[in-house]
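Working notes, structure below.
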Amino acid sequence: MKKEKLNKNEIKEVLSKLEELYKGAKSELEYENPFQLLIATILAAQCTDKRVNQVTAKLFEHYQTPAEFLELTEEELGVWIKSCGFYNSKSRNILETCRILVDKYNGEVPQVREELMELPGVGRKTANVVISNVFSQPAIAVDTHVFRVSNRLGLANSDDVFKTEEDLMKNIPKNKWSEAHHWLIYHGRRVCKARKPQCEICTLNDQCLYYK
DNA sequence: AACTCGGGGCA
DNA sequence: TGCCCAGAGTT
């Protein structure tokens, strides 16, 4: 990462251009139920949201609560979620998580990030998605796209995910956190790719620290 | 910091 | 075929 930093006006300009490009961008994982969002987000690791939605659409018809999930064996759940990939570990983690939710949290999803991160299969990114999306807590989930793009553009300046979160929360107006999170993901997937970034066609390249 | 898990979509 | 995918856990 470069050591340079953008000034406030440059940050404003970058955010303005991202908004212009991806205005209205939002998650394809739209679950208002905390438990369902938690499960969908665990499944979304290294998997497209579209496929997660295909799986959960059917799965949640049959199993809706942690207690109901515990009726399944690991092998049975594995069949349901197979197309999301990593299904052995995800199946094991999800059922163990459900066991903890039932035993320790009365079948509810805890609203504390540290408690969420103690659940198997739930890391900081998934915990942030849950607390920000359904519990209205201040957090920005930093996945690989958000991390890479925000540091390339200069909206963050760190090789550490926690620091990147802090930078983003500082540099982005609070009422834009959720939307900006998706701008960065969209830009990362379509233009600012990990391997072959499309810098030539990127309309932000004139102020991009990575491009310079 | 590097490695592993993984089926499915796409070039 | 090879590459990639809204991560997390282990060593």
Side-chain angles (χ1 to χ4, degrees), chain A residues 1 18 21-22 24-32 34 36-59 74-101 109-110 113-134 139-153 155-156 158-165 168 172 176-198:
Chain A
M1 301 303 168
L18 283 171
L21 284 171
Y22 306 109
K26 58 180 180 179
S27 174
E28 295 174 28
L29 254 39
E30 298 187 67
Y31 301 84
E32 296 181 7
Q36 294 191 346
L37 176 63
L38 175 63
I39 298 304
T41 309
I42 291 174
L43 289 177
Q46 295 297 294
C47 172
T48 61
D49 286 6
K50 191 169 295 182
R51 196 172 301 150
V52 171
N53 284 332
Q54 289 172 352
V55 166
T56 58
K58 294 182 178 178
L59 178 60
E74 280 184 28
E75 290 73 20
E76 289 169 343
L77 181 56
V79 173
W80 279 101
I81 68 173
K82 187 175 64 169
S83 66
C84 292
F86 300 151
Y87 57 92
N88 283 327
S89 57
K90 285 178 182 176
S91 183
R92 184 174 61 249
N93 288 335
I94 285 172
L95 290 181
E96 179 60 22
T97 284
C98 288
R99 171 59 61 195
I100 296 173
L101 294 183
V109 176
R113 171 164 45 204
E114 286 67 28
E115 291 180 340
L116 282 164
M117 289 176 64
E118 288 177 3
L119 301 170
V122 180
R124 189 173 179 94
K125 181 258 173 179
T126 298
N128 279 355
V129 167
V130 171
I131 65 173
S132 62
N133 285 18
V134 292
I140 295 181
V142 175
D143 56 48
T144 56
H145 291 308
V146 173
F147 180 76
R148 180 184 70 256
V149 176
S150 60
N151 279 295
R152 281 179 177 174
L153 287 176
L155 292 176
S158 173
D159 52 4
D160 173 37
V161 173
F162 307 140
K163 185 63 166 50
T164 296
E165 277 183 31
L168 290 176
I172 300 173
K176 299 279 187 183
W177 283 1
S178 176
E179 200 181 353
H181 165 85
H182 294 107
W183 299 340
L184 294 169
I185 290 174
Y186 273 62
H187 196 60
R189 283 168 49 166
R190 297 173 180 178
V191 181
C192 196
K193 302 178 182 180
R195 294 294 172 80
K196 297 178 181 176
Q198 316 288 98

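The chains referred to below are lettered A, B, ... by the order of the sequence lines, with proteins before strands, and numbering in each begins at 1.
Within the 4.0 angstrom heavy-atom criterion, base atoms lie near Ser27(A). No engagement by Val129(A) is indicated, since no non-hydrogen atom pair under 4.0 Å with the nucleic acid exists. Here Ile81(A) lies out of heavy-atom contact (under 4.0 Å) with every strand. Within the nucleic acid shown, Arg195(A) comes within 4.0 Å of sugar-phosphate atoms alone, with no base atom in reach, counting heavy atoms only. Across all strands shown, Asn88(A) has heavy atoms under 4.0 Å from sugar-phosphate atoms exclusively, and none from any base. Among the protein residues, His182(A) comes within range of the nucleic acid bases, having at least one heavy atom under 4.0 Å from a base atom.
Note: NZ (Lys125(A)) to P (dA8(C)) measures 6 Å, nearest angstrom. Whole-Å rounding puts the Lys82(A) NZ to dG9(B) P distance at 12 Å. As a whole-Å value, the separation of Ile94(A) CD1 from dA8(C) P is 13 Å. Counting to the nearest Å, the C1' atom of dA8(C) and the CD atom of Glu96(A) are 15 Å from each other. Following rounding to the nearest Å, Phe86(A) (CZ) and dG6(B) (P) show an atom-to-atom distance of 7 Å. Here the P atom of nucleotide dG2(C) and the NZ atom of Lys196(A) are 15 Å apart, to the nearest Å. Computed from coordinates, the Asn53(A) CG to dC5(C) P distance equals 19 Å when rounded to whole Å. Look at NZ on Lys50(A): it is 11 Å from P on dA6(C), rounded to the nearest Å.
Checking dG6(B), dA6(C), dG8(B) against the side-chain heavy atoms of Tyr87(A) singles out dG6(B) as nearest. Among dA6(C), dC5(C), dG7(B), the nucleotide with an atom closest to any side-chain atom of Gln46(A) is dC5(C). Picking from dG7(C), dG9(B), dA6(C) the nucleotide with the shortest atom distance to the side chain of Arg189(A) gives dA6(C). In the set dA6(C), dG7(B), dG6(B), dG7(B) carries the atom at the smallest distance from any side-chain atom of Arg51(A).
Across the P atoms, dA11(B) and dA6(C) are found 15 Å apart, a figure rounded to whole Å. Comparing the same atom, C1', in dG8(B) and in dG9(C) gives a spacing of 23 Å after rounding to whole Å.
Rounded to the nearest 0.5 Å, atoms OG1 (Thr41(A)) and CG (Asn128(A)) are 11.0 Å apart. How far CD of Gln36(A) is from CG of Leu59(A): 9.0 Å, rounded to the nearest 0.5 Å. Interatomic distance, Lys125(A) NZ to Thr144(A) OG1, rounded to the nearest 0.5 Å: 8.5 Å.
Distances shown here put every side-chain N or O of Arg124(A) at or beyond 4.0 Å from the OP1 or OP2 atom of dG7(C). OP1 or OP2 of dG6(B) has at least one side-chain nitrogen or oxygen of Ser89(A) nearer than 4.0 Å. Within the 4.0 Å cut-off from OP1 or OP2 of dG7(C), at least one side-chain nitrogen or oxygen of Thr144(A) is found.
Judged purely by distance below 3.5 Å, without hydrogens or angles, the side chains of His182(A) and Tyr22(A) never pair a donor atom with an acceptor atom.
Side-chain contact between Pro197(A) and Arg152(A): present, with at least one pair of heavy atoms (C-beta onward) separated by less than 4.5 Å. Within the 4.5 Å cutoff, no side-chain heavy atoms of Asn151(A) are placed close to those of Asp159(A).
Of the two residues contacting DNA chain C, namely Glu28(A) and Met117(A), the nearest-nucleotide position lying further toward the 5' end is that of Glu28(A).
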